[in-house]
Amino acid sequence: MDSWYYPPGRQTLKSYWLHAAGSKSPTLPVQNEEKRNLELGGHVGFDRLPDQLVSKSVAQGFCFNILCVGETGIGKSTLMNTLFNTTFENEEASHYESDVHLRPQTYDLQESNVNLKLTIVHTVGFGDQINKEESYKPILEYIDTQFEKYLEEELKIKRSLCNYNDTRIHICLYFIAPNGHSLKSLDLVTMKKLDSKVNIIPVIAKADTVSRSELDKLKIKIMSELVSNGVQIYQFPTEDEAVAEINSSMNTHLPFAMVGSVEDVKVGNKMVKARLYPWGIVQVENENHCDFVKLREMLLRVNMEDLRDQTHARHYELYRRCKLEEMGFKDTGPDSQSFSLQETYEGKRKEFIVELQRKEEEMRQMFVNKVKETEAELKEKEKELHERFEQLKRMHQDEKKNLEEKRRELEEEMNAFNRRKVAAETLMGQALQGCSQQPFKKDKDKKNFFSLPSACSLTSGRNLN
Ligand code: GTP
Ligand code: MG
């Protein structure tokens, strides 16, 4: 470090601290923690800081992401349309989806001068499969993927979190079917799996189909089941005095009974959102008819920022902590001493190199063993082939020997035959000669000739010896 950083004559950091502390001890000076309140002489201007923050936030715009979990046709899209007083894209899902998948849709909305990037994520096919055991998994994976994306952005060297398109889910509206006696196992399992990942607000869908007394009983039953199964739903915060009263009173109304409608019906001399039945009108914004106004108040007007904050500070923080611990990062070592990021990185790098070497050695050994095995197999095969070759060679030699033997026999037979043939021809010649000299004895001799054994050899030569 350059010496001009230090007072004249103090050439090192250590000597500077010793001088500052007024002692020869090498301890660093203790920072003065005491704060003093001072009066300002006039207007300075930092009281405008909150305004600066507000205008900066307004210029940047806000984002809010809603996850609607509920069975097909339970009224998710209708409620979203009613809540934001608009018509979002609405694609009806079929009841024949083979699995659950999530469909996010993002919209840019503006109210006064505030821009809101709203993402509504629908669960398509939820509750339609015969086996519903895995139904919660795609929802969990979707939520984790959004956390992962944010973490990746945070860990980048060049981060741009200010204009990052935040897709983390801020609120999960869980739609409970109104036609049961209580929660279904699917509801309980799904909410239990999601409660550490997202803020859950349970709502009773199509509450106009349940009578007032049934609705009250259903609400009590649902809440007691959630409590007894340890499901943590979102509680409207009561720390801020400005909203403590309304929030604590709203907490007692959970789960909210919902009625949605995109129809405008004339009631008195006013057009209102309502559902028109042969027996009457259910007004969405009438608090005697349903809790729609309460939900809108809590979700959009009072606690939107708390929902965004809880998502970041509680749910994302938990995900981030688990993920970093999984990756081997720690704040403190086994002796409770704090770890710097550099130390953690170095430690992890060493571990990784050792692991890599171990794996390399293991693979090399595996390769050597494989080569040895293959070599042994090839040798065995070669031996087998050699044996087979020898066997065939022996067979061939035996066959050749047999054939030679047969050929010799045949030649001998042929020679014998030829000898007999010559003898027979000679005999015949002599007999013919005799006949021509004694013509008068012809008939008698002819008879005798044919009775002679030698004459027979002319007709069956092979039997003559
Ligand atoms: P998918 O997206 O296909 O899963 O359906 P969804 O959950 O978005 O349901 P959607 O809003 O399309 O509504 C399905 C049907 O229920 C429509 O006929 C709506 O009119 C009706 N519906 C919606 N909300 C209510 C309600 O509060 N009460 C009653 N009685 N019917 C409702
Ligand atoms: Mg829908």
Side-chain angles (χ1 to χ4, degrees), residues 65-107 118-130 132 135-136 138-139 142 169 171-180 183-184 186-187 190-191 194 200-212 214-216 218-219 222 253-265 267 272-297 299:
N65 305 321
I66 304 178
L67 168 67
C68 295
V69 182
E71 291 166 23
T72 304
I74 203 166
K76 302 182 288 290
S77 304
T78 311
L79 185 68
M80 285 301 106
N81 289 343
T82 321
L83 206 56
F84 287 92
N85 204 7
T86 186
T87 312
F88 297 117
E89 277 167 63
N90 186 14
E91 205 182 300
E92 277 180 26
S94 87
H95 285 282
Y96 305 105
E97 299 285 342
S98 56
D99 53 9
V100 178
H101 57 273
L102 284 93
R103 191 176 59 209
Q105 285 163 332
T106 303
Y107 308 91
L118 175 74
T119 300
I120 301 174
V121 187
H122 287 279
T123 49
V124 180
F126 187 75
D128 281 331
Q129 294 73 39
I130 294 171
K132 300 181 182 67
S135 297
Y136 70 89
I139 307 173
Y142 181 87
I169 298 295
I171 178 70
C172 162
L173 286 178
Y174 194 94
F175 289 71
I176 300 164
N179 47 3
L183 289 170
K184 295 178 187 168
L186 174 66
D187 300 327
T190 310
M191 281 197 262
L194 298 186
I200 300 175
I201 297 184
V203 295
I204 300 172
K206 301 188 181 179
D208 54 325
T209 59
V210 196
S211 74
R212 166 60 58 197
E214 280 172 343
L215 191 64
D216 291 342
L218 187 59
K219 278 190 176 193
I222 289 170
H253 285 92
L254 286 169
F256 291 140
M258 280 303 113
V259 175
S261 174
V262 283
E263 250 180 274
D264 288 310
V265 178
V267 177
V272 291
K273 288 265 178 289
R275 296 188 77 82
L276 189 60
Y277 292 107
W279 40 262
I281 295 170
V282 181
Q283 294 170 41
V284 169
E285 295 189 27
N286 186 332
E287 289 203 53
N288 292 321
H289 294 187
C290 70
D291 299 329
F292 174 81
V293 172
K294 294 187 181 77
L295 177 74
R296 188 177 61 194
E297 199 71 12
L299 191 65

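Both backbone and side-chain heavy atoms feed into the values below; hydrogens, waters and symmetry mates do not. Please read these numbers as outputs of a predicted model, since none were measured by experiment. Every number for a ligand or one of its atoms is a count from 1 in the order of the listing.
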Fill in: Straight-line distance of Asp291 CG to Arg296 CZ, nearest 0.5 Å
13.0 Å
Worksheet, complete the sentence: Among Val282, Leu79, Val262, Asp208, closest by heavy atom to atom 30 (N) of ligand 1 is Asp208
Worksheet item: Do Phe126 and Ser135 come close enough that some side-chain heavy atom pair is under 4.5 Å?
Response: yes
Worksheet item: Under the 4.0 Å line, does any protein heavy atom show up next to atom 11 (O) of ligand 1?
Response: yes
Worksheet item: Do any heavy atoms of Gly70 fall under 4.0 Å from ligand 1?
Response: no
Item to complete: Mind checking the OH-CG spacing from Tyr142 to Leu194? Nearest 0.5 Å is all I need.
Response: 13.5 Å
Item to complete: Indicate, as side chain, backbone, both or neither, the part of Tyr277 found under 4.0 angstrom from ligand 1 when only non-hydrogen atoms are considered.
Response: side chain
Item to complete: Consider every N or O of Ile74 and every N or O of ligand 1, then say whether any pair is closer than 3.5 Å.
Response: yes
Worksheet item: Given that the side chain starts at C-beta and the backbone is N, CA, C, O, which of these parts of His122 lies under 4.0 Å from ligand 1, counting heavy atoms, or is it both or neither?
Response: neither
Worksheet item: What protein N/O/S atoms lie closer than 2.8 Å to the Mg ion (ligand 2)?
Response: Ser77 OG
Worksheet entry | Atom indices of ligand 1 within 4.0 angstrom of Ser77 heavy atoms, with elements | 2 (O), 6 (P), 8 (O), 11 (O)
Worksheet entry | Side-chain donor/acceptor of Thr119 to backbone N/O of Asn65, under 3.5 Å | no
Discussion item. Thr209 versus ligand 1: do any nitrogen or oxygen atoms come within less than 3.5 Å of each other?
Written reply: no
Discussion item. Can you list everything that forms a ring pair (Phe, Tyr, Trp, His ring centres under 6.0 Å) with Tyr96? Sequence neighbours excluded, please.
Written reply: none
Discussion item. Can you check which of Lys76, Arg103, Arg275 brings a heavy atom nearest to atom 7 (O) of ligand 1?
Written reply: Lys76
Discussion item. Nearest 0.5 Å, please: how far is OG1 in Thr190 from CG in Leu183?
Written reply: 10.5 Å
Practice prompt. Kindly say whether Glu285 contributes a backbone atom to a donor-acceptor pair with the side chain of Lys273 at under 3.5 angstrom?
Written response: no
